[in-house]
**Student:** 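One structure follows; several queries about it will come next.
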Amino acid sequence: MPSGRRPRLSRGSPGTGGRTIRLRLAEADPWSVMVAGFLLLAGLGALVITTAGVVWVLMQAMAPDVLPALTTVLVIAFGVVTLEVILGTGLLTLGAFLYNLSAQFSGGVEIAVTDTLTGPTPAAARTLLFLARLRARARRLRTSTGSPRGRT
């Protein structure tokens with residue numbers, strides 16, 4: 001390819017005017033998958049521990065002295081989250097290795113990205129029209145019966 005020229009993009013079907021870019025994911029870097037998976041699962045684990053604490057506080061407010069101590073709940077949540085992060089990171093890394101092995105034989109996954117905008121399918125358009133009519137009918141019924149929900 002001469003210098004200064006851009007790669008050609010394949011055109012969509014004739015008349016649509018859309019461009020399509022095709023990418024092939026032929027290999028996954030196991031180290032990157034491991035780091036990204038660890039960070040994602042660690043963030044999810046922090047969310048789980050925080051949620052366990054908040055739920056304990058709410059349950060304690062509704063039914064005092066029924067639940068175990070907060071430290072017990074948080075230690076159990078931390079243990080479960082630690083196990084989840086270790087096993088999840090290992091499984092994601094193993095998945096990356098297995099993907100690389102299968103991509104050697106199949107060539108990987110091809111992803112097509114296009115910039116054409118298409119409307120809904122005819123069946124979806126009929127469904128949307130039906131739902132809009134149904135909502136308008138329900139709104140008319142609420143306002144005619146004087147329901148307080150109709151005055152929003």
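What you are looking at is a predicted structure, and each value in this text was computed from that prediction instead of being measured. Excluded from the calculations below are hydrogen atoms, water molecules and symmetry mates; all remaining heavy atoms, backbone and side chain alike, are included.
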**Student:** Taking W56 for the side chain and P68 for the main chain, is one N or O donor matched with an acceptor at less than 3.5 Å?
**Tutor:** yes

**Student:** I'd like to check the side-chain contact (heavy atoms from CB on, under 4.5 Å) partners of A112; sequence neighbours left out, ordered by chain and number.
**Tutor:** T20, R22

**Student:** To the closest 0.5 Å, what do you measure between CG (D29) and CE (M34)?
**Tutor:**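 Atom-to-atom, D29:CG and M34:CE are 10.0 Å apart.
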
**Student:** Can you tell me if T89 uses its side chain to pair, donor with acceptor, with the backbone of I86 under 3.5 Å?
**Tutor:** no

**Student:** Determine the sole option in L87, L40, L41 for which the side-chain contact (heavy atoms from CB on, under 4.5 Å) test with L92 is passed.
**Tutor:**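 Answer to the side-chain contact (heavy atoms from CB on, under 4.5 Å) test with L92 among L87, L40, L41: L41.
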
**Student:** Any chance you could lay out the side-chain contact (heavy atoms from CB on, under 4.5 Å) test for L25 and Y99, step after step, and finish with the verdict?
**Tutor:** CA-CA 10 Å; L25 182 61; Y99 177 80; 3.8 Å; yes

**Student:** Under the 3.5 angstrom rule, does the side chain of N100 hit a backbone N or O of E27 as a donor-acceptor pair?
**Tutor:** no

**Student:** Could you walk me through whether I49 and L74 pass the side-chain contact (heavy atoms from CB on, under 4.5 Å) test, one step at a time?
**Tutor:** CA-CA 7 Å; I49 290 173; L74 291 180; 4.2 Å; yes

**Student:** Which value, rounded to the nearest 0.5 Å, describes the distance between L128 atom CG and T121 atom OG1?
**Tutor:** 8.5 Å

**Student:** Within the 4.5 Å heavy-atom criterion, are L44 and E84 side-chain neighbours or not?
**Tutor:**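 Touching, per the 4.5 Å side-chain cut-off.
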
**Student:** Test of understanding: clusters of I, L, V, M, F, W, Y form through side-chain heavy atoms closer than 4.5 Å, transitively. Do V80 and F38 belong to the same one?
**Tutor:** no

**Student:** Going hydrophobic residue to hydrophobic residue with side-chain gaps under 4.5 angstrom, can you get from V75 over to V81?
**Tutor:**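 V75 and V81: separate clusters.
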
**Student:** Shortest non-hydrogen contact from P30 to T93?
**Tutor:** O-CG2, 4.2 Å

**Student:** Just so I know, are the side chains of Q60 and L70 near enough to count as touching, which here means a heavy-atom distance under 4.5 Å?
**Tutor:** no

